[in-house]
Structures are given as structure tokens and as C-alpha cells.
A.B. asks: 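Here's a structure for you.
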Number of protein chains: 2
Amino acid sequence: MSRPTKHAPERGSARIRLLEAARDIIREKGFSATSVDDLCRAADVTKGAFFHHFGSKEALGVAAAEFWAETTSAFFAAAPYHEPADPLARVLAYVAFRKAIIAGALKEFTCLVGTMAQEVYESAPDIRDACGRSIFGHTATLEDDIEMARQQRGISADWTAESLARHTQAVLQGGFVLAKAGNDPALARESLDHLERYIRHLFNVTEDDAYEQIDPYRMRLRADAP
Amino acid sequence: MSRPTKHAPERGSARIRLLEAARDIIREKGFSATSVDDLCRAADVTKGAFFHHFGSKEALGVAAAEFWAETTSAFFAAAPYHEPADPLARVLAYVAFRKAIIAGALKEFTCLVGTMAQEVYESAPDIRDACGRSIFGHTATLEDDIEMARQQRGISADWTAESLARHTQAVLQGGFVLAKAGNDPALARESLDHLERYIRHLFNVTEDDAYEQIDPYRMRLRADAP
DNA sequence: AAAAACATACCATACGGTTGGTATGTGTCA
DNA sequence: TGACACATACCAACCGTATGGTATGTTTTT
């Protein structure tokens, strides 16, 4: 959190710090309850700097959603759930990975853009659309693996890869809502277990099947567990 | 919840109007963005009346969640999805009913307590807990039908009726989030289709089975459609 | 030198909440 | 029965503060 020295000024360092503060504080208090002063205090910048980088609070909301899209897509691209050679294994590994990162405080693993969209969908269309691009951009990264698994296994489905990818995101977002309402992260994990069972059913893969065949990534997660 | 007193037949009319205004405006703008003045204006009462009935804005939030719990539980208790004699049919009819009432504007069918919980879970524990009681009180009304269906059909499951009921609610809440982010109610209905398919899989009931056997309520919904 | 990146001081308003009051109903007891 | 004490429901005006936003600098980088 310490500011960079005057002679090594990171380009847009105040801007980045404001976006990071927005990510953390909006996830904790919501967009409306987060004041510009809150953000300036957390980022250790003045209001002048804030309005130099963002034309309005709403513009910051849009930028925060875009920042979230950038950072999370980098995070998921680098995540190990892409490792399995089998496409269905990658899909199941994704679910297992999402489940594994649900840990700690609620504000640390819940979704910024889901929270913001829920709150401002009607009053701030620009923010809503930026949140939508982040969410549906992410679901799109799952579609190829789902479609590959479907074709490879000859599943003639009455559902599309697109819709199953979106459903996966819906289960995640809904799990977050229940976890918040019940103040218990386990509620989010619980729904992911149902999602995993659903996907296995869709692909006729039962729990009895050897895991190392279908889901080596999940095996590794289990082996790493204490 | 509203204590029935002998005197003052018109008692609490301002209170009720404020709770109805809260239900509508908070669903549209969120809790923080909804001002006390907004509510007073919509309910056509003065601020003095507001703070006569509610000790604070947060107290109104709690009361609004409780009001939501009361009105929705009466609504669902009177809904026709309880009609089928078969318990699994009732569960599937519930999902079909939830899908059927997703229509019109987002603010008209989305969930007040899900929205509020998502927003204030960290900053207003009293409201969060009231939202939790509303949500999990509702999921509990599904548990008996699920458990009866399970026993009747001899399903030896690695899941509980409780967790499946909660998952159903998670899919609904997540569907609402996606519908808001994508500004399209169809996104919520889409996830309910996956949920229905999941439940059918769990109970080994395929789409090919005769509907009138398993789900007369759904048949009626279809017949009623234009 | 130009412009981008900050900082300081300030503003109008909207915010949640308080105050002091009125009108009306209700239980009580002389 | 009536008058009195008390409670409830509601209102208009007001208060201190926090809010998003601006005007005008100063510093730093190119």
C-alpha cells in the first residue's frame, strides 16, 4: 500500500491503487455504500487524483469491472485446471478449482461484478454492461472444453455448451448469494458439488469411475489436502 | 409479524405502505441507494412517520426482509404446484412454477432478500440474518417433498434433501444475477432448465417419460401457454 | 515547454436522524 | 357518564455531516 517513490513513479499508480481499492471495498460494502472518500483514503490519494483519472464515480465502477475482467481472466488462464488432456476432465477440474478457491472470508472470494450487477443493473446501465461483459466473457472460456467433451463422447444433448457454461456461472453466483445470506462459505461449495454431479450425469460419468482416468487435476487437489 | 392490536383499525397503514415501497424500490436500486426520502415519497408519508415506525433505516431493512418472508411464503403456500399427488411431480412443478413467474421486468420478479443480502452481508448483519431466515425458511418448504420422493422411489443418494433444496435456491439466485448482468430474464429461465434436467437425472426420470404421469402441473402450464 | 499527474480548498446538496408538536383513540375511575 | 391520563399515529421544520463534484493550483515526466 505504500506509495511509490517520487523518482520511480509507476505509470498510473494512483489509478491502479484506486481500482484495487474499489475491488476490495465494493466487494465488502457494495457500490453505492462505497464513497469516493473511502476509495481515496484506501488508495492514499486525494480527490483531485480520483477525478483526474475517472470522470465520475460511475466511470470508476465501469473501470473497476473492466479491471476485474482483466485480472481474473489472467488468473484463470494461468490456473492449473487446463492441464488434463481430456476435455471433460478439464471441465470437472474447473469446477473443482472454483470450489477450491472458495476459502477464507466472503469478501475475498466473492465476485465483484456479480455483486455490482445485482445492485446497479437498473440505475447504472454502463456498469451493468461492463459487469455483463466480464461474466459472459468468462463463461465463454469454458465453452470449447464443454463442446469438445460433448463431441468426443458422442453425447447428443438437448443443451448447448454455451448454456451449460452459463449455468455453471449461475451456480457460482447463486452459491455466493447463499453463502452471504447464511454467512457460511460452505453453502457455495455445496452447490458446486451438485453442479459436478450434474455434469457427470450429463456425460454418463459416475463417481465410481477411476479419478485418474477422468480428473487427474482433482486427484492432485485431493492429494494436496491436509 | 405485525402485532394485531384491538384499537386503531387503520393501524400501520403508513407502515405497510413503507414496507411495500421498500420492497419495490430496494429491488430496483438496492438498499444503500434507496434513501429514506425516497421511501417516504413513494409511501406518501413524512419522515416523522418513518422514524415513528422504524428506529433507523437499518431497522426498516430488517422489517422489509421479514415482510418479504411473510408475503412470499403466503404466495408460495397458495400456489398450485402443490397439487400433484406424486412428491417428485410436486418438486418438478415447483421448478416449473418458478420458471413460469420469471416474466416482465427484472425488478418485478427478482428476489428482495437475495439482493439485500448480497449488498449488506458485511455491513449490516441484522439485515443479512433476516434475509437468511427468509431464504432458508423458503428452501425448507421444499425439503419434505424431496425427501418423500427420494424414499418413495428408493433413491440411495449421496446428497440430502436439505442440500438439494438449497441448491435449487442457489440456481434461482444465480439465475437472477445473470439475468441482471445480461439484462435478459431468459438467462434465469435457462438455468432452471438445467436444474430440472438435473433433478430428473437424480430420480432417473427422463424427458421421454409421459408427463401426465410425472408432472401434471407442468402439463397444465403448457396447455395454458398461448 | 507542454502536458500529464497529482494536491488543496471549496461548494451545493442530499443524507440519516431529531425535535417539538397535533389529532385522535382508549382505558380508568370518581 | 364524563373528564382525565395516557398512548398511538402522524406531521413540518430543522440539524450536523457526508456526499459527489469542481476550480485552481503545484509537481513531475516527457
Side-chain angles (χ1 to χ4, degrees), chain A residues 1-22 25-26 28-64 67 116 119-120 123-127, chain B residues 1-22 25-26 28-64 67 116 119-120 123-127:
Chain A
M1 271 301 173
S2 66
R3 302 187 54 190
T5 65
K6 286 179 180 179
H7 284 283
E10 245 177 277
R11 197 187 207 96
S13 74
R15 183 188 148 92
I16 298 287
R17 287 205 312 280
L18 280 167
L19 290 172
E20 288 168 345
I25 303 182
I26 294 174
E28 186 180 329
K29 311 205 300 183
F31 179 76
S32 299
T34 298
S35 71
V36 173
D37 282 331
D38 283 343
L39 297 170
C40 292
R41 215 173 299 127
D44 195 27
V45 301
T46 59
K47 248 182 176 167
F50 181 98
F51 284 99
H52 169 73
H53 288 287
F54 308 102
S56 65
K57 190 191 171 190
E58 186 167 338
L60 167 111
V62 173
F67 183 68
M116 272 206 295
E119 192 180 344
V120 306
S123 44
D126 288 352
I127 299 179
Chain B
M1 188 50 63
S2 48
R3 216 161 33 109
T5 325
K6 278 181 257 175
H7 82 305
E10 255 185 302
R11 176 199 184 269
S13 83
R15 184 186 147 93
I16 297 288
R17 287 205 310 279
L18 280 166
L19 290 171
E20 288 169 345
I25 303 182
I26 295 174
E28 185 180 330
K29 312 204 301 182
F31 179 76
S32 299
T34 298
S35 71
V36 174
D37 283 329
D38 283 342
L39 297 171
C40 293
R41 215 173 300 126
D44 195 27
V45 300
T46 60
K47 246 179 179 171
F50 182 98
F51 284 100
H52 168 73
H53 288 288
F54 308 101
S56 65
K57 190 191 170 189
E58 186 167 340
L60 167 109
V62 173
F67 182 68
M116 273 207 293
E119 192 180 345
V120 306
S123 43
D126 288 351
I127 298 179

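The chains referred to below are lettered A, B, ... by the order of the sequence lines, with proteins before strands, and numbering in each begins at 1. Hydrogens, waters and symmetry mates play no part in the numbers below; they use all other heavy atoms, side chains included. These numbers come from a predicted model, not from an experiment.
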A.B. asks: How long is the line joining NZ of K29(B) and C1' of dA14(C), in whole Å?
C.D. replies: 12 Å
A.B. asks: Round to the nearest Å and state the distance from L60(B) atom CG to dC15(C) atom P.
C.D. replies: 15 Å
A.B. asks: Closer than 3.5 angstrom, by distance alone: can the side chain of E119(A) be matched with the main-chain N or O of F31(A) as a donor-acceptor pair?
C.D. replies: yes
A.B. asks: Could you pull out the closest heavy-atom pair between T46(A) and C40(A), with the gap in Å?
C.D. replies: O-SG, 3.8 Å
A.B. asks: Between K57(A) (side chain) and T34(A) (backbone), is there a donor-acceptor pair under 3.5 Å?
C.D. replies: yes
A.B. asks: What's the NZ-C1' distance between K57(A) and dT19(D), to the nearest Å?
C.D. replies: 9 Å
A.B. asks: Which residues, if any, of residues 30-39 of chain B bring a heavy atom under 4.0 Å of DNA chain C?
C.D. replies: T34(B), S35(B), V36(B)
A.B. asks: Among residues 44-52 of chain B, which residues get a heavy atom nearer than 4.0 Å to DNA chain C?
C.D. replies: K47(B), F51(B)
A.B. asks: Charged N to carboxylate O below 4.0 Å: is that the case for R17(A) and D44(A)?
C.D. replies: no
A.B. asks: For the side chain to side chain contact (heavy atoms under 4.5 Å, CB included) test, which of F50(A), F67(A), F51(A) pairs with L60(A)?
C.D. replies: F50(A)
A.B. asks: Reckon H53(A) has a side-chain N or O less than 4.0 Å from the OP1 or OP2 of dC6(C)?
C.D. replies: yes
A.B. asks: What's the spacing between L18(B) CG and H53(B) NE2 if we round to 0.5 Å?
C.D. replies: 7.0 Å
A.B. asks: Between F54(A) (CZ) and dT22(D) (P), how many Å, whole number?
C.D. replies: 16 Å
A.B. asks: Hey, could you give me the OG/CD1 distance between S32(A) and I26(A), rounded to the nearest 0.5 Å?
C.D. replies: 9.5 Å
A.B. asks: Given side chains that start at C-beta, do those of K29(B) and D38(B) come closer than 4.5 Å, heavy atoms only?
C.D. replies: yes
